[in-house]
Student: 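Sharing a structure below in structure tokens format, with a few things to ask.
Note: hydrogens, waters and symmetry copies are ignored here, and every other heavy atom, side chains too, is used. Whatever order the structure lists ligands and atoms in, that order sets their numbers, starting from 1.
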Amino acid sequence: MRIVDLINKKKIGQALTREEIDFFVQGYVKGEIPDYQISALYMAIYFQGMNDEEIAHLTMAYVNSGEVIDLSGITGVKVDKHSTGGVGDKISLIVIPLVASLGIPVAKMSGRGLGHTGGTIDKLESIQGFKTDLSTEDFIKNVNEYGMSIVGQTANLTPADKLTYALRDVTGTVDSIPLIASSIMSKKIASGADAIVLDVKVGSGAFMKSLEEATKLAECMVQIGKSLNKKTIAVISDMNQPLGHEVGNANEIKEVISVLKGKGAEDETTVALTIATYMAIASGKYQDFDSTYAKLEEVISSGQAIAKFKELISIQGGDPQIVDEPTKLPQAKFQIEILSEKSGYISEMDAEKIGLVAMVLGAGRKKKEDLIDHAAGVTLLKKVGDYVKVDEPLCILQTNHANLKNVEIDLLKAYTFQDHKPKQMKYIYKVIE
Ligand code: URA
């Protein structure tokens, strides 16, 4: 087989066979096929697309390129969740204790973030002592004993995805639905999930800017799950403004605590309860949406959810006192209020711009090697639909840098105002099962 023949075949829109897909994935991982030929092939895929069979084969070729985690030592259906990524997205940390409180095992593998703010693992590391590098044995033991555990992704999970993702990032081929779908689903399948709930974000702060594109991506991932016999549900949720009021690592842990105590923002709480409900349904233990949602609300109001989060922190070596005293989380030296230059109703907040400001403050990484400042972040005092007067604070920046030129200007550019109250935004647009 020759890679140039596969490039030519895809260039004219023909489908690749399983053998051909295995050939280029394995050849690339072994270093036998150079970057430039995979780049040409992925550009052809970008323009010509892939059919459902090709996408399922590509997913499995990524899965088989590395370690596949065996979670058969955990009793019960293991449900995982994945978000396509957004600013202020702390849903994973809210749903772990919620779903575990229903007696459904949660074995969560998460990554670190690149760009914007940190990933779930970075957020947890703002809790002093919290260990995310557990061995697979300890991970499984925790899930069997306490019903939940969270670890960082092992280095050898889907290496073909890691390599091709890095290449796509610099060759303009990230935003291809078959390539995103196979990349995401391969990681979930390799980490041992029996069922998967996907939080597909749509809006200014998401990969998918329109509902039409988000629906296509969601349908594609649900189809991959179906063809590989993994129950998959996709929820399309809003990312036209950051989720909740906190962006940044320690800030987001603070907000997780508020939601689990029943004092969370409405958007954050609604999305978390919806995802947790679908995880319960995907496990097969619950069937009805409304009664499961109501049960999860009870888990919060009874104090069970926050107690379970405290337990998660304790079993992974962290300081559970941060739940009662969030001021024990890392604190930044400087707190800077950003005052509004205009008056009116906020009609739009560009989530991506706010995420980039958080990154400049230290909450995210520009390069893989960068260190995260867990104390850095943004507290959003006003959101879409709120009325603001001139000189009223819009948000507070937390940073350890003394001189941050342009940050205030960049942040103010994220807000758009109008003189009448905008329509209430939807939090959830669609569910695809
Ligand atoms: N997230 C992933 O894991 N892969 C993609 O291709 C895009 C987003």
Side-chain angles (χ1 to χ4, degrees), residues 21 24-25 28-29 38-39 41-43 45-47 49-50 54-63 65-67 69 80-87 89 91-92 108-122 152-193 196-210 213-225 228 230 232 234-237 239 275 351-352 355 364-365 368:
I21 291 172
F24 79 72
V25 170
Y28 189 48
V29 173
I38 297 295
S39 307
L41 178 62
Y42 274 40
M43 191 54 87
I45 293 173
Y46 178 90
F47 283 112
M50 283 181 133
E54 288 177 285
I55 299 171
H57 293 326
L58 183 60
T59 306
M60 283 317 292
Y62 284 166
V63 171
S65 69
E67 188 185 0
I69 310 291
D80 202 348
K81 73 81 75 168
H82 183 87
S83 160
T84 57
V87 179
D89 183 356
I91 299 294
S92 287
K108 183 93 193 76
M109 261 191 198
S110 288
R112 294 181 189 278
L114 182 63
H116 295 160
T117 48
T120 301
I121 295 297
D122 297 306
Q153 250 160 33
T154 62
N156 195 27
L157 202 81
T158 60
D161 172 58
K162 239 174 247 142
L163 289 170
T164 50
Y165 191 86
L167 191 67
R168 286 166 56 211
D169 209 19
V170 291
T171 54
T173 47
V174 169
D175 52 343
S176 144
I177 287 176
L179 295 179
I180 298 178
S182 46
S183 161
I184 291 177
M185 290 299 282
S186 66
K187 288 185 280 257
K188 297 291 105 184
I189 290 164
S191 54
I196 301 154
V197 175
L198 300 159
D199 184 2
V200 178
K201 301 288 187 196
V202 61
S204 64
F207 270 123
M208 299 291 126
K209 308 286 181 207
S210 72
E213 282 177 301
T215 305
K216 276 194 202 147
L217 177 63
E219 284 172 350
C220 184
M221 292 194 284
V222 169
Q223 180 57 37
I224 297 175
L228 300 174
K230 306 269 180 194
T232 306
V235 176
I236 303 184
S237 69
M239 190 37 68
I275 298 289
E352 200 166 355
R365 299 181 181 84
K368 268 209 312 270

Student: Where is the tightest heavy-atom contact between Ser83 and Asp89, given as atom of each residue plus distance?
Tutor: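 Between these two residues, the closest heavy atoms are OG-OD2, 2.6 Å.
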Student: Out of Leu217, Ile184, Thr84, Asp80, which one pairs with Leu198 under the side chain to side chain contact (heavy atoms under 4.5 Å, CB included) rule?
Tutor: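 Per the side chain to side chain contact (heavy atoms under 4.5 Å, CB included) rule, the option paired with Leu198 is Ile184, out of Leu217, Ile184, Thr84, Asp80.
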Student: Report yes if some heavy atom in the side chain of Tyr42 is under 4.5 Å from a heavy atom in the side chain of Leu167; otherwise report no.
Tutor: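 A side-chain contact is absent here, since even the closest heavy-atom pair is not under 4.5 Å.
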Student: Going by distance alone, is a donor N or O of one side chain under 3.5 Å from an acceptor N or O of the other, for Lys209 and Ser204?
Tutor: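 Note: Lys209 and Ser204 side chains miss the donor-acceptor criterion.
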Student: Please round to the nearest 0.5 Å and tell me the distance separating atom OG of Ser183 and atom CG of Asp161.
Tutor: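 Ser183 atom OG to Asp161 atom CG measures 3.5 Å (nearest 0.5 Å).
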Student: Do you know the tightest heavy-atom contact between Thr164 and Ile38?
Tutor: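 In terms of heavy atoms, the two residues are closest at CG2-CG2, 4.4 Å.
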Student: At a heavy-atom distance under 4.0 Å, which protein residues reach ligand 1? Sort them by chain and number, would you?
Tutor: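 Contacts of ligand 1 under 4.0 Å: Tyr165, Arg168, Ile180, Ser183, Ile184, Lys187, Phe207.
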